[in-house]
J.: 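Quick one: this structure, given as structure tokens, is what I'll be asking you about.
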Amino acid sequence: MIGIMGAMPEEIRHLIPHIQQVSRKESGMREYFQGILHDTPVVLVFSRMGKVAAATTATNLILEFGVEEIIFTGVAGALHPELRIGDVVVGQHLYQHDMDASPIMPRFEIPLLERQYFETPRLQTDRAMAAVRRFFEKMDAYISEAEKTQFNIQAPAVVLGDIASGDVFVSAHAHKEAISEGLPGVQCVEMEGAAVAQVCYEFEIPCTVIRTISDAANESSEVDFPRFIETIASNYSEGIVLEWFRQRKDLI
Ligand code: ADE
């Protein structure tokens with residue numbers, strides 16, 4: 001069983017109609033959709049935003065539904081200056097940028113785990129990169145020309161890179177700079193990925209985080225983020241996750 005997560009309804013809603021023999025279950029204020037996607041048993045849920053919401057949902061996926069792997073899909077704000085709206089980051093190292101138990105422990109270190117980040121296994125990053133590339137090849141089936149024009153999406157890129165999660169929506173240039181200064185090289189910022197990665201690490205199952213850039217984590221984010229979420233975030237998640245499952249099925 002594979003768990004598919006997003007933080008917001010818009011990040012998962014287009015996937016629900018693709019699930020066969022779907023059944024719905026409520027637990028802990030979440031709605032879980034269980035069924036079959038490309039011959040694979042899956043359970044789909046939106047976690048709500050933030051690290052606690054994501055961590056409890058991931059834990060429930062593992063304990064109540066018995067998932068053996070989690071794939072998280074959603075949006076992120078760009079930290080790297082070359083990232084554009086519509087580009088996709090596949091998480092390699094997942095940091096928690098608001099974790100700071102210094103001076104007792106080094107900044108960013110996760111207490112007792114003696115690490116500052118969670119690493120995604122190579123098999124998972126390879127699969128995710130391939131799925132995003134295939135989604136880009138077929139992008140016209142998911143995103144209209146008008147939508148591409150609206151967001152100035154021309155030749156979107158996929159990068160394998162580091163992601164920082166924290167319980168904060170970053171919407172000021174100074175804040176973005178401060179995060180980048182503490183964690184140089186991090187590509188983008190979001191609010192759940194590293195929490196899910198921590199739960200998966202602790203339960204010893206693989207986790208994949210795939211994030212589409214919805215905004216530049218600056219003063220424009222207040223406008224760009226809701227526009228992207230309302231318009232095309234669900235199409236990106238739909239296309240990427242479907243390609244991920246198609247390709248997985250081809251390999252079995
Ligand atoms: N997810 C998408 N954009 C974000 C931002 N600017 N800050 C935090 N999480 C985000």
Side-chain angles (χ1 to χ4, degrees), residues 5-8 11 28-30 45-62 70-81 83 87-120 159-203 207-222 224-226 228-229 233:
M5 290 178 69
M8 303 173 76
E11 290 169 335
M29 296 191 182
R30 307 286 187 276
V45 60
F46 83 86
S47 61
R48 306 179 177 193
M49 286 162 72
K51 302 207 309 300
V52 173
T56 53
T57 309
T59 307
N60 205 35
L61 279 173
I62 296 167
I70 291 180
I71 167 166
F72 192 107
T73 154
V75 297
L79 291 188
H80 196 286
L83 282 174
D87 289 348
V88 176
V89 179
V90 171
Q92 183 164 39
H93 300 137
L94 283 298
Y95 290 88
Q96 297 179 18
H97 67 76
D98 54 357
M99 174 58 78
D100 187 357
S102 62
I104 301 158
M105 289 166 196
R107 190 174 172 204
F108 306 121
E109 185 168 306
I110 311 297
L112 298 186
L113 296 183
E114 290 174 10
R115 57 180 56 241
Q116 291 185 328
Y117 60 80
F118 301 96
E119 184 161 11
T120 309
V159 294
L160 177 62
D162 297 350
I163 297 178
S165 311
D167 284 320
V168 57
F169 184 78
V170 181
S171 59
H173 188 74
H175 192 176
K176 161 180 177 159
E177 292 284 289
I179 295 172
S180 291
E181 226 174 86
L183 293 170
V186 165
Q187 297 280 334
C188 63
V189 70
E190 38 85 310
M191 299 176 69
E192 299 84 16
V196 177
Q198 179 173 344
V199 171
C200 290
Y201 174 83
E202 291 174 344
F203 281 92
C207 171
T208 308
V209 179
I210 306 175
R211 291 288 186 172
T212 304
I213 300 302
S214 58
D215 58 272
N218 61 15
E219 283 70 8
S220 307
S221 296
E222 193 183 339
D224 291 341
F225 170 82
F228 193 89
I229 280 284

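Atom set for the values below is all heavy atoms of this structure, side chains included, hydrogens, waters and symmetry mates excluded. Nothing here was measured: the structure is a model prediction, and the numbers come from that model.
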J.: When you measure from the side chain of D167 to the backbone N and O of K51, does any donor-acceptor pair fall under 3.5 Å?
T.: yes
J.: Fit a plane to each ring of H97 and H175, take the angle between them on a 0 to 90° scale, and name the class: parallel (under 30°), tilted (30 to 60°) or perpendicular (over 60°).
T.: perpendicular
J.: Could you list the residues that satisfy ring pair (Phe, Tyr, Trp, His ring centres under 6.0 Å) with F46, not counting sequence neighbours?
T.: none
J.: Under the 3.5 angstrom rule, does the side chain of R30 hit a backbone N or O of S47 as a donor-acceptor pair?
T.: yes
J.: Can you spot which of M29, M5, R48 makes a side chain to side chain contact (heavy atoms under 4.5 Å, CB included) with T57?
T.: M5
J.: Side chains of L113 and Q198, heavy atoms from C-beta outward: is any pair under 4.5 Å?
T.: yes
J.: Ignoring hydrogens, what is the shortest heavy-atom contact between S214 and F225? Give both atom names and the distance.
T.: OG-CD1, 3.6 Å
J.: Keeping the roles fixed (side chain from S171, backbone from E222), state whether a donor-acceptor pair exists under 3.5 Å.
T.: no
J.: To the nearest 0.5 Å, what is the distance between CG (L94) and OG1 (T208)?
T.: 10.0 Å
J.: Distance-only, no hydrogens or angles: does the E11 side chain make a donor-acceptor pair with backbone N or O of V75 under 3.5 Å?
T.: yes
J.: Going through the distances and angles, do V45 and L61 end up as a side chain to side chain contact (heavy atoms under 4.5 Å, CB included)?
T.: CA-CA 9 Å; V45 60; L61 279 173; 4.0 Å; yes
J.: Give a yes or no on whether the backbone of Y95 and the side-chain of Q116 come within a donor-acceptor separation of less than 3.5 Å.
T.: no
J.: So, do Y117 and L183 sit near enough that their side-chain heavy atoms are less than 4.5 Å apart?
T.: no
J.: Which pair of non-hydrogen atoms, one from C200 and one from I70, has the smallest distance, and what is that distance?
T.: SG-CD1, 3.8 Å
J.: If every non-hydrogen atom of A78 is compared with every non-hydrogen atom of I213, which pair is closest and at what distance?
T.: CB-CG2, 3.8 Å
J.: Should E109 and M99 be marked as a side chain to side chain contact (heavy atoms under 4.5 Å, CB included) after you check the CA-CA gap, both sets of side-chain angles, and the distance that decides it?
T.: CA-CA 7 Å; E109 185 168 306; M99 174 58 78; over 6 Å; no
J.: Heavy atoms, side chains only, cut-off 4.5 Å: are L83 and V159 in contact?
T.: yes
J.: Nearest heavy-atom pair of Y201 and R115: which atoms, and what distance?
T.: OH-NH2, 3.1 Å
J.: Suppose the criterion is salt bridge (charged side-chain N to carboxylate O under 4.0 Å, His left out): which pairs have a residue in residues 169-190, not counting sequence neighbours?
T.: E190-R211
J.: Please find the pair of heavy atoms, one from A58 and one from V196, that lie closest to each other, and give the distance.
T.: CB-CG1, 4.1 Å
J.: Any donor and acceptor pair, going by atom type alone, linking the side chain of E192 with main-chain N or O of S165 inside 3.5 Å?
T.: no
J.: Can you tell which of L160, D162, I163 makes a side chain to side chain contact (heavy atoms under 4.5 Å, CB included) with V89?
T.: I163
J.: Shortest non-hydrogen contact from T120 to G91?
T.: OG1-O, 2.9 Å
